[in-house]
Visitor: 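Before we start, here is the structure in question, set down as structure tokens.
Computation of the quantities below employed the complete heavy-atom set of this structure, encompassing side-chain atoms and omitting hydrogens, waters and symmetry-equivalent molecules. Residues: numbered from 1 along the sequence shown. First listed ligand is number 1; within each ligand, the first listed atom is number 1.
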Amino acid sequence: MQRTASGLRADTAARLAELERQRPEWHAWFRLLSEAERALDDAGWRTPLDEAESGDKFVDSEDVPLLNGRALQVDADVAQRLVRRLASTAAVGHLPDAASLRWYRPSAADAVALIEAAVRQDLTELAALADAAGTERGPLMSVAHLAALPLLQSCGRLLADQVPRHWPHGYCPICGAWPILAERRGLDRSRRLRCGRCAAEWEVQWLCCAYCDERDHERLGSLVAEDGGETLKVETCSSCQGYLKSIATLQGIPSFELLLRDLETVELDLVAVQRGYGRPEESRFRLKVRLV
Ligand SMILES: [Zn+2]
Ligand SMILES: [Zn+2]
């Protein structure tokens, strides 16, 4: 998805501004997202896979996401600049508990290690890095996940063609994360899961829990927001108590817009959580990937 077009860029900025108007209490979060969105245009993130790393030789099993086993090339200075910028944006914007990030000045190597842990979704390592740096864990994890976005979105673009036509899992075929939402596509009547990190999309069966593969329709349900109509739903599973937001669309949602849609539909998260549903914190697949 080409996303450097200025029209799309202006649209994203306008949507963020509108969200901020509706939810002034999330000001800090919107500023962080804008910062991450700007970083997507940084040429330093565009070529994480050289020729040797972009082939399909790594895929030795149909259960393994495409990024597994690869070495991703990053410019350590670009990584350091982004992590520092996000950390200071979080501190200055008063993200909750982020005051300790004000003094967080990671070396280039530390910034790369932080992004690597975020790409692997290694929460233990992220917590250890926060402890070592003397910062609160939660805000540094938010910074880490956003700092990994430009790299993951580049990987998503470069590997999109290699996603297997039939990927039967709930986790992302490229980066191993759980989907951020499901799309119910009007044109081809398909159900597709979307990754909020690398923006991958993969078609799955209609009645199947993304997290535990439950297919018993009596254990799968849906919730709708009071004024959401049929467009917005929450898919629920009573076997694992998991939920996933589901949006009816005509065609695929552009990559960065997935994050905006996720924010715009936070009412659905509240409805689901109030009913006792949740989203698994850790992905089932632990990705092995290195940043060099
Ligand atoms: Zn992904
Ligand atoms: Zn389930």
Visitor: Keeping to distances under 2.8 Å, can you name the protein N/O/S atoms close to the Zn ion (ligand 2)?
Guide: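 Within the sphere that stays under 2.8 Å of the Zn ion (ligand 2), the protein atoms of type N, O or S are C209 SG, C212 SG, C237 SG, C240 SG.
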
Visitor: Check the side chains of Q205 and R191 for a donor-acceptor pair under 3.5 angstrom, ignoring hydrogens and angles.
Guide: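 No - no donor-acceptor pair under 3.5 Å links their side chains.
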
Visitor: Does a side-chain N-to-carboxylate-O contact under 4.0 Å join R81 and D77?
Guide: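 Looking at R81 and D77, the cut-off is not met.
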
Visitor: Does R120 come within less than 4.0 Å of E116, counting only side-chain N to carboxylate O?
Guide: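 Salt bridge flag = yes for E116 with R120.
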
Visitor: In terms of the angle between their ring planes, are Y171 and W167 parallel, tilted or perpendicular, with boundaries placed at 30° and 60°?
Guide: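 Ring orientation, 0 to 90° scale: perpendicular.
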
Visitor: Going by the side chain to side chain donor-acceptor pair (under 3.5 Å) test, name the single residue among Q251, E203, E201 that passes it with R185.
Guide: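 Passing option: E201.
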
Visitor: Before giving the answer on side chain to side chain donor-acceptor pair (under 3.5 Å), spell out for S154 and R157 the whole-Å C-alpha distance, their side-chain angles and the decisive distance to 0.1 Å.
Guide: CA-CA 5 Å; S154 284; R157 259 194 312 275; 3.3 Å; yes

Visitor: Side chains of R184 and S246 only: does a donor on one sit below 3.5 Å from an acceptor on the other?
Guide: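 Indeed, the side chains of R184 and S246 share at least one donor-acceptor pair under 3.5 Å.
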
Visitor: Report the C-alpha separation of K233 and S222 in whole Å, then their side-chain angles, then the decisive distance to 0.1 Å, and conclude whether the side chain to side chain donor-acceptor pair (under 3.5 Å) test is met.
Guide: CA-CA 6 Å; K233 282 185 189 174; S222 68; 4.9 Å; no

Visitor: Sort by chain and number the protein N/O/S atoms found under 2.8 Å from the Zn ion (ligand 1).
Guide: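 Those protein N, O or S atoms (cut-off: under 2.8 Å from the Zn ion (ligand 1)) are C172 SG, C175 SG, C195 SG, C198 SG.
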
Visitor: Go through the steps for R219 and S239 under the test side chain to side chain donor-acceptor pair (under 3.5 Å), then give the verdict.
Guide: CA-CA 6 Å; R219 304 196 68 87; S239 292; 2.7 Å; yes

